[in-house]
K.L.:
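Here's a structure for you.
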Amino acid sequence: MSENENKSSNFIHNIIDKDIESGKYGGEVYTRFPPEPNGYLHIGHAKSICLNFTTAEKYGGRCNLRYDDTNPVKEDVEYVDSIEEDIKWLGFSWDKKLWASDYFPKMYEAAVELIKKGEAYVCDLSADEIRETRGTLKEPGKESPYRNRTVEENMQLFKEMKAGKYKDGEKVLRAKIDMASPNINMRDPVIYRIAHVEHHNTGSEWCIYPMYDFAHPLEDAIEGITHSICTLEFEDHRPLYDWSLDQLGWWDPQPQQIEFARLNITNTVMSKRLLKGLVDDGSVEGWDDPRMPTIAGLRRRGYTPEAIRDFCERIGVAKANSTVEMALLEHCVREDLQSRVASRNVVFDPIKVVITNYPEDKTEELAMENNRNVPEMGGRTVPFSRELYVDGADFMEVPVKKYFRLFPGNEVRFKGAYFIKCEEVVKNDDGTIKELRCTYDPATKSGEGGEGRKVKGTIHWVDAASAVAIKVREYGYLMVEDEQGEERLNPDSVKEMTCYAEPLISEAKGGDRFQFFRHGYYIADSKLSTDTEKVFNSIIGLKSSFKIKK
RNA sequence: UGGGGUAUCGCCAAGUGGUAAGGCAAUGGAUUCUGAUUCCAUCAUGCGCAGGUUCGAAUCCUGCUACCCUAGCCA
């Protein structure tokens, strides 16, 4: 991979360039990827991961992996292994692996500091009451009756909160800012809540937990993060981010939050809620179901980390909401795979072909290159004999115009073998095709000259006697929208079929990728393959194929 | 606009007052024992709209319009 040189710049780089020029952070660039461990990472996270890690890389800086585990009721350590695996698989290494929960003491100290400065107070209002007094988008809120408690009283109450004297929801700590602020986030936001819940990291040490808006700036500042990159919906929270740090005045310089637009891809569900729902109700095999847009799903489907990184590079980073076409991701995989993958003959929807003038007891081993564009990948041999299978799409009894594959009376090149002419179509009683009776021209053997005649089409085939049955799974869109605009599972999102492949395919190991002649790219699914039957997941089809025009 | 954002080709996206990069998609053509790949060519007198400033505007000013975010003790 060509590193650095032609990496496009974006508005975040422009901000960093200015910071470097002004010396704001002494030329340092320190970023972080802060997932909440409440689900698997998806392609949208990949954009954020690439952005944070490559930005640090570009400037010779560092990037931390930090779990944003400030809400024990929603989080689960079961996800951390997958998160780390996915980041590593994408090819990134973090500077430090950290847990926001390790900063709970420092955050508590910060809250105490705010109380002492009269900038925070303990509020006894219920969640409902807080909502009711917050005002609306157009009307200011009302001040809490507890807003003017003394510093001493607040200190006492907050200590009691920490000591576990109160039940969940009984009290909260609020920042004392401005109930009339046009920005609702500044209307005395809750910064600490009570939750008598076991925390995976701190156990039962704490029963009060900081809210994201208060915790996140502290986490960044503690780690010395310079540029805290997050998505657009946090734009309105930035004043609170800055307020928290400004009030404390503990750090100089302070990190700055920069927002960018999250990734959307056409026909792709990116909502964690929906994805988790599909996993929980058994609609998919799990978070790594090949139909899922999770990194684990894409991996199992056969996408490469290089392709995903290339995709993230190409989509750019900006603040405009956008939806990238799936075709771009597909282009990236195709481009990556075409030079690293060997081709194998697999026929879908097989039709039997009998070469009537070929000896019944003869079998030839014909040479075939693994990848025509990459000679270093060498070649292989495949058996050829009197009975073969061809792809259902490569024969038309009544050809449409410009169809140049097999049809009665037409002659085509069998890839790596001979010119074959279809002489007769033999049918079953029910009218379906039983077999094609064909003849071959011995003078046209592949690689042995005989360039006299030309033929328009080349099709692939497998030897019937040695063919291996494999299962092929092809994927469509996971979700569709119904009349009500509700997203629901697409019943046709997976199609499984049995196909015939050349014998060598039986040596495929889980994770091996191939190009199936004329069908596209496929990966051997180690999770579903057995010794007797291999399952191949489709990654992506070829760029274009013959389309029948009406 | 309560407030905060964003508008440049079908989809992304550069551009930061000097006369519209690039990629994907699409379309034509060349080569091809994969209708793939590769290769060449075409693809915004135009930058949400309307005015204004300027020798010169996607870039500055004014006024509109559309869409997104925001009223969790989630992140």
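Chain letters run A, B, ... following the sequence lines, proteins first, then strands; residues in each count from 1.
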K.L.:
In whole Å, what is the span from the CG atom of L137(A) to the P atom of rC69(B)?
P.N.:
12 Å

K.L.:
Under the salt bridge (Lys or Arg N to Asp or Glu O under 4.0 Å) definition, can you give me all pairs with a residue in residues 321-342 of chain A, not counting sequence neighbours?
P.N.:
E306(A)-R340(A), R314(A)-E335(A), D336(A)-R340(A)

K.L.:
For the aromatic rings, using the six-membered ring if either is Trp, is the centroid distance between F234(A) and Y241(A) under 6.0 Å?
P.N.:
no

K.L.:
State which residue, out of K421(A), R453(A), K456(A), R405(A), fulfils the salt bridge (charged side-chain N to carboxylate O under 4.0 Å, His left out) condition with E411(A).
P.N.:
R453(A)

K.L.:
Using OP1 and OP2 only, check whether a side-chain N or O of N14(A) sits under 4.0 Å from rG15(B).
P.N.:
yes

K.L.:
Name all residues meeting the ring pair (Phe, Tyr, Trp, His ring centres under 6.0 Å) criterion together with Y192(A); count only those two or more places apart in sequence or in a different chain, and write none if there are none.
P.N.:
F158(A)

K.L.:
Name all stems that contain residues of RNA chain B, defined as runs of 3 or more consecutive Watson-Crick or G-U wobble pairs, both distances under 3.5 Å.
P.N.:
B:2-7 with B:65-70, B:10-12 with B:22-24, B:26-30 with B:38-42, B:48-52 with B:60-64

K.L.:
Is K415(A) close enough and on-axis enough to W461(A), meaning under 6.0 Å and within 45°, for cation-pi?
P.N.:
no

K.L.:
Syn or anti for rG72(B), taking syn as within 90° of 0?
P.N.:
syn

K.L.:
Could you go through the side chain to side chain donor-acceptor pair (under 3.5 Å) check for D86(A) and H45(A) one step at a time?
P.N.:
CA-CA 10 Å; D86(A) 291 346; H45(A) 294 107; over 6 Å; no

K.L.:
Measure from NZ on K415(A) to P on rA36(B) and round the result to the nearest Å.
P.N.:
14 Å

K.L.:
Could you tell me how far rC55(B) sits from rG48(B) if I compare only their P atoms? Round to whole Å.
P.N.:
24 Å

K.L.:
Considering only residues two or more places apart or on different chains, which pairs with a residue in residues 180-190 of chain A satisfy salt bridge (Lys or Arg N to Asp or Glu O under 4.0 Å)?
P.N.:
R147(A)-D188(A)

K.L.:
Determine the interplanar angle of the Y79(A) and Y40(A) rings, folded into 0 to 90°, and report it as parallel if under 30°, tilted if 30 to 60°, perpendicular if over 60°.
P.N.:
perpendicular

K.L.:
Distance between the C1' atoms of rU19(B) and rU59(B), in whole angstroms?
P.N.:
12 Å

K.L.:
So Y500(A) and Y389(A), would you call those rings parallel, tilted or perpendicular, with 30° and 60° as cut-offs?
P.N.:
parallel

K.L.:
For rC40(B) versus rC49(B), give the span between their C1' atoms, rounded off to a whole number of Å.
P.N.:
39 Å

K.L.:
At a cut-off of 3.5 Å, list every protein nitrogen or oxygen paired with a nitrogen or oxygen from nucleotides 30-32 of chain B, distance to 0.1 Å.
P.N.:
unit_1: rU32(B); atom_1: O2'; unit_2: R372(A); atom_2: NH1; d: 3.4
unit_1: rU32(B); atom_1: O2'; unit_2: R372(A); atom_2: NH2; d: 2.2

K.L.:
Under the ring pair (Phe, Tyr, Trp, His ring centres under 6.0 Å) rule, collect the residues that match up with H196(A), sequence neighbours excluded.
P.N.:
none

K.L.:
Please enumerate all residues that pass ring pair (Phe, Tyr, Trp, His ring centres under 6.0 Å) together with F517(A), with sequence neighbours excluded.
P.N.:
H460(A)

K.L.:
Less than 4.0 angstrom between a side-chain N/O of Q515(A) and OP1 or OP2 of rU37(B), yes or no?
P.N.:
no

K.L.:
Determine the interatomic distance between P on rC67(B) and the same-named atom on rC73(B); round to the nearest Å.
P.N.:
29 Å

K.L.:
Remember a base hit wins even if backbone is also touched, and classify E139(A) as base, sugar-phosphate or nothing at under 4.0 Å, heavy atoms.
P.N.:
nothing

K.L.:
To the nearest 0.5 angstrom, please state how far the NZ atom of K58(A) sits from the CD1 atom of I16(A).
P.N.:
9.0 Å

K.L.:
With P as the reference atom in both, quote the distance from rU16(B) to rG3(B) in angstrom, rounded to an integer.
P.N.:
31 Å

K.L.:
At under 4.0 Å between heavy atoms, what does N38(A) touch on the DNA or RNA strands: base, sugar-phosphate, or nothing?
P.N.:
nothing

K.L.:
Salt bridge (charged side-chain N to carboxylate O under 4.0 Å, His left out) with R380(A): which of E502(A), E365(A), E369(A)?
P.N.:
E502(A)

K.L.:
For R238(A) and R405(A), find the nucleotide of RNA chain B closest to each by heavy atoms; which residue's nucleotide sits nearer the 5' end?
P.N.:
R238(A)

K.L.:
Any Lys/Arg nitrogen of R262(A) or E233(A) sitting under 4.0 Å from an Asp/Glu carboxylate oxygen of the other?
P.N.:
yes

K.L.:
May I ask you to verify whether the side chain of N183(A) and the base of rG4(B) hold a donor-acceptor pair under 3.5 Å?
P.N.:
no

K.L.:
If only side-chain N and O atoms of K543(A) are considered, is one of them under 4.0 Å from the OP1 or OP2 phosphate oxygen of rA25(B)?
P.N.:
yes

K.L.:
Just how far, in rounded Å, is C1' of rA71(B) from CD of E132(A)?
P.N.:
12 Å

K.L.:
Rounded to whole angstrom, note down the P distance from rG18(B) over to rC11(B).
P.N.:
28 Å

K.L.:
Can you tell me how far P in rU54(B) sits from the matching atom in rA21(B), rounded to whole Å?
P.N.:
28 Å

K.L.:
Could you tell me which residues satisfy side-chain hydrogen bond (donor to acceptor under 3.5 Å, both in side chains) with E75(A), sequence neighbours excluded, listed by chain and number?
P.N.:
none

K.L.:
Distances under 3.5 Å between protein N/O atoms and the N/O atoms of nucleotides 72-75 of chain B, please, pair by pair.
P.N.:
unit_1: rG72(B); atom_1: OP2; unit_2: R134(A); atom_2: NH2; d: 2.8
unit_1: rC73(B); atom_1: OP1; unit_2: R134(A); atom_2: NH2; d: 3.4
unit_1: rC73(B); atom_1: OP2; unit_2: R134(A); atom_2: NH1; d: 3.0
unit_1: rC73(B); atom_1: N3; unit_2: G169(A); atom_2: O; d: 3.4
unit_1: rC73(B); atom_1: N4; unit_2: L125(A); atom_2: O; d: 2.8
unit_1: rC73(B); atom_1: N4; unit_2: A127(A); atom_2: N; d: 2.9
unit_1: rC73(B); atom_1: N4; unit_2: G169(A); atom_2: O; d: 3.0
unit_1: rC74(B); atom_1: OP2; unit_2: R193(A); atom_2: NE; d: 3.3
unit_1: rC74(B); atom_1: OP2; unit_2: R193(A); atom_2: NH2; d: 3.1
unit_1: rC74(B); atom_1: O3'; unit_2: N71(A); atom_2: ND2; d: 3.4
unit_1: rC74(B); atom_1: O3'; unit_2: R193(A); atom_2: NH2; d: 3.2
unit_1: rC74(B); atom_1: O2'; unit_2: N71(A); atom_2: ND2; d: 3.1
unit_1: rC74(B); atom_1: O2'; unit_2: K74(A); atom_2: NZ; d: 3.0
unit_1: rC74(B); atom_1: O2; unit_2: K74(A); atom_2: NZ; d: 3.1
unit_1: rA75(B); atom_1: OP1; unit_2: T70(A); atom_2: OG1; d: 3.0
unit_1: rA75(B); atom_1: OP1; unit_2: R193(A); atom_2: NH1; d: 3.3
unit_1: rA75(B); atom_1: OP1; unit_2: R193(A); atom_2: NH2; d: 2.8
unit_1: rA75(B); atom_1: OP2; unit_2: Y212(A); atom_2: N; d: 2.9
unit_1: rA75(B); atom_1: O3'; unit_2: D68(A); atom_2: OD2; d: 3.0
unit_1: rA75(B); atom_1: N6; unit_2: H237(A); atom_2: NE2; d: 3.4

K.L.:
Tell me whether the centres of the aromatic rings in F414(A) and Y440(A) are closer together than 6.0 Å.
P.N.:
no

K.L.:
Can you give me the N/O atom pairs linking the protein to nucleotides 9-12 of chain B at distances under 3.5 Å, or say none if there are none?
P.N.:
unit_1: rG10(B); atom_1: N2; unit_2: E325(A); atom_2: OE1; d: 3.2
unit_1: rC11(B); atom_1: O4'; unit_2: E325(A); atom_2: OE2; d: 2.9
unit_1: rC11(B); atom_1: O3'; unit_2: T323(A); atom_2: O; d: 3.1
unit_1: rC11(B); atom_1: O2'; unit_2: T323(A); atom_2: O; d: 2.9
unit_1: rC11(B); atom_1: O2'; unit_2: E325(A); atom_2: N; d: 3.4
unit_1: rC12(B); atom_1: OP1; unit_2: T323(A); atom_2: N; d: 3.0
unit_1: rC12(B); atom_1: O5'; unit_2: T323(A); atom_2: O; d: 3.4
unit_1: rC12(B); atom_1: O2'; unit_2: I315(A); atom_2: O; d: 2.7

K.L.:
Report the residues that fulfil ring pair (Phe, Tyr, Trp, His ring centres under 6.0 Å) with F407(A), sequence neighbours left out, ordered by chain and then residue number.
P.N.:
none

K.L.:
Which atom pairs link the protein and nucleotides 46-48 of chain B when you take only N or O atoms and keep those under 3.5 Å?
P.N.:
none

K.L.:
Just say parallel, tilted or perpendicular for the rings of Y358(A) and F384(A), cut-offs at 30° and 60°.
P.N.:
perpendicular

K.L.:
When you compare rC68(B) with rA25(B), how far apart are their P atoms, in angstrom units rounded to a whole number?
P.N.:
29 Å

